[in-house]
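Since the structure comes first, as structure tokens, the remarks are kept for the end.
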Amino acid sequence: MTHDLRILVPEDAIRTRVAALAAELATVLNGVSPLVVGLLDGAFVFTADLVRELARRQVPARVTFMSLASYGRSTRSRGTVTVIRDCAPDEVRQRTVLLVDDILDSGATLQFAHARLIAFGAARVITCVLLDKPSRRRVSFTPDFIGFTIPDAFAVGYGLDHAGEYRGLPWVATLPEGTP
Ligand code: IMP
Ligand code: MG
């Protein structure tokens, strides 16, 4: 099914903001090379752009991914988080970890991933999300870095999907209200 999408964050705005985030992260990291942990599937595009902007600023990073699930086909969270693909505790131990996700919604996913990385022995976990929907928060979790704060609409594109579609769009768009 195709939807009547509305552009919410255009491509050039994303590029500019990702570069600015990388510059801020470079300052905070202060010479430390992080282990970047991207959350699949949604954060694959943001993670890819962010690590290249970090490399441009002389911040080399290792990159790995975790895959967590909190959503079925619908646009509402089920609230429980399960691990589909884990990252290696050995890689995490004593590292400065940069945890990257596409969007912070209820907060359950990022809170779960953060706690897991701490349990694996990370020295420090810095969290960075491209999009934040603060109106939908159910757990109190404040990310360290946010690309854009957006209203309560279902976002697709730049890695984010709806029922598996739209991840390849170079911009962030919203689905019409009332989409199941
Ligand atoms: P949370 O656990 O409720 O914070 O949900 C976070 C996860 O749900 C993200 O990693 C996304 O994959 C997905 N998600 C939440 N809101 C949206 C959205 O508007 N569009 C696409 N995926 C979303
Ligand atoms: Mg996701």
Side-chain angles (χ1 to χ4, degrees), residues 1-11 13-14 17-18 21 35-51 63-87 92 97-120 122 125-180:
M1 176 157 90
T2 47
H3 298 95
D4 185 18
L5 300 178
R6 251 168 234 227
I7 293 183
L8 183 66
V9 190
E11 202 174 348
I14 296 174
R17 185 71 187 119
V18 173
L21 285 171
L35 170 69
V36 174
V37 177
L39 298 187
L40 294 174
D41 298 327
F44 78 107
V45 176
F46 180 39
T47 305
D49 282 349
L50 192 61
V51 295
V63 185
T64 190
F65 292 92
M66 269 170 104
S67 177
L68 304 175
S70 69
Y71 270 70
R73 261 179 70 89
S74 87
T75 58
R76 295 286 148 173
S77 175
R78 288 198 307 266
T80 47
V81 181
T82 54
V83 180
I84 310 282
R85 177 210 193 267
D86 218 343
C87 63
V92 170
V97 175
L98 175 58
L99 174 59
V100 178
D101 203 6
D102 52 358
I103 186 165
L104 189 62
D105 190 38
S106 73
T109 301
L110 207 64
Q111 188 185 57
F112 180 94
H114 185 276
R116 194 163 186 85
L117 293 165
I118 295 289
F120 285 172
V125 180
I126 301 168
T127 51
C128 180
V129 297
L130 180 74
L131 306 173
D132 183 21
K133 283 198 279 197
S135 57
R136 302 219 338 134
R137 201 77 82 253
R138 281 190 297 107
V139 305
S140 69
F141 191 93
T142 308
D144 298 305
F145 292 88
I146 295 167
F148 301 93
T149 299
I150 63 168
D152 179 11
F154 199 79
V156 295
Y158 199 72
L160 293 101
D161 77 305
H162 174 258
E165 302 293 330
Y166 306 121
R167 291 196 198 275
L169 293 176
W171 46 81
V172 174
T174 52
L175 291 182
E177 233 177 277
T179 305

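Both ligands and their constituent atoms are indexed starting at 1 by order of listing. Both backbone and side-chain heavy atoms feed into the values below; hydrogens, waters and symmetry mates do not. Residues: numbered from 1 along the sequence shown.
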Worked check of side-chain contact (heavy atoms from CB on, under 4.5 Å) between Val9 and Arg17: CA-CA 10 Å; Val9 190; Arg17 185 71 187 119; over 6 Å; no
Whether Lys133 lies under 4.0 Å from ligand 1, heavy atom: yes
Ligand 1 contacted by Val156 (non-hydrogen, < 4.0 Å): no
Proximity to ligand 1 by part of Ser106, non-hydrogen separation under 4.0 Å: both
Val81, portion touching ligand 1 at heavy-atom distance under 4.0 Å: neither
Criterion side-chain contact (heavy atoms from CB on, under 4.5 Å) on Leu5 and Tyr166, from CA distance to verdict: CA-CA 10 Å; Leu5 300 178; Tyr166 306 121; 3.8 Å; yes
Any donor-acceptor N/O pair, Thr64 side chain to Val37 backbone, under 3.5 Å: no
Is the closest N or O pair between [X] and ligand 1 shorter than 3.5 Å?
| X | value |
| --- | --- |
| Asp161 | no |
| Leu110 | no |
| Gly107 | yes |

Which pair of non-hydrogen atoms, one from [X] and one from [Y], has the smallest distance, and what is that distance?
| X | Y | value |
| --- | --- | --- |
| Ile14 | Pro170 | CD1-O, 3.9 Å |
| Asp102 | Gly42 | OD2-CA, 3.1 Å |
| Leu35 | Val63 | CD1-N, 4.4 Å |
| Asp161 | Phe154 | O-CE2, 3.3 Å |

Numbered atoms of ligand 1 (with element) below 4.0 Å of Ser70, judged on heavy atoms: 2 (O)
Subset of ligand 1 atoms that lie under 4.0 Å from at least one heavy atom of Asp101: 9 (C), 10 (O)
Heavy-atom nearest option to atom 20 (N) of ligand 1, drawn from Ala69, Ala108, Ala43, Ala155: Ala155
Option whose closest heavy atom lies nearest to atom 14 (N) of ligand 1, chosen from Leu175, Leu39, Ile103, Asp105: Ile103
Tyr158 and Phe46 aromatic ring geometry - parallel, tilted or perpendicular at 30°/60° bounds: tilted
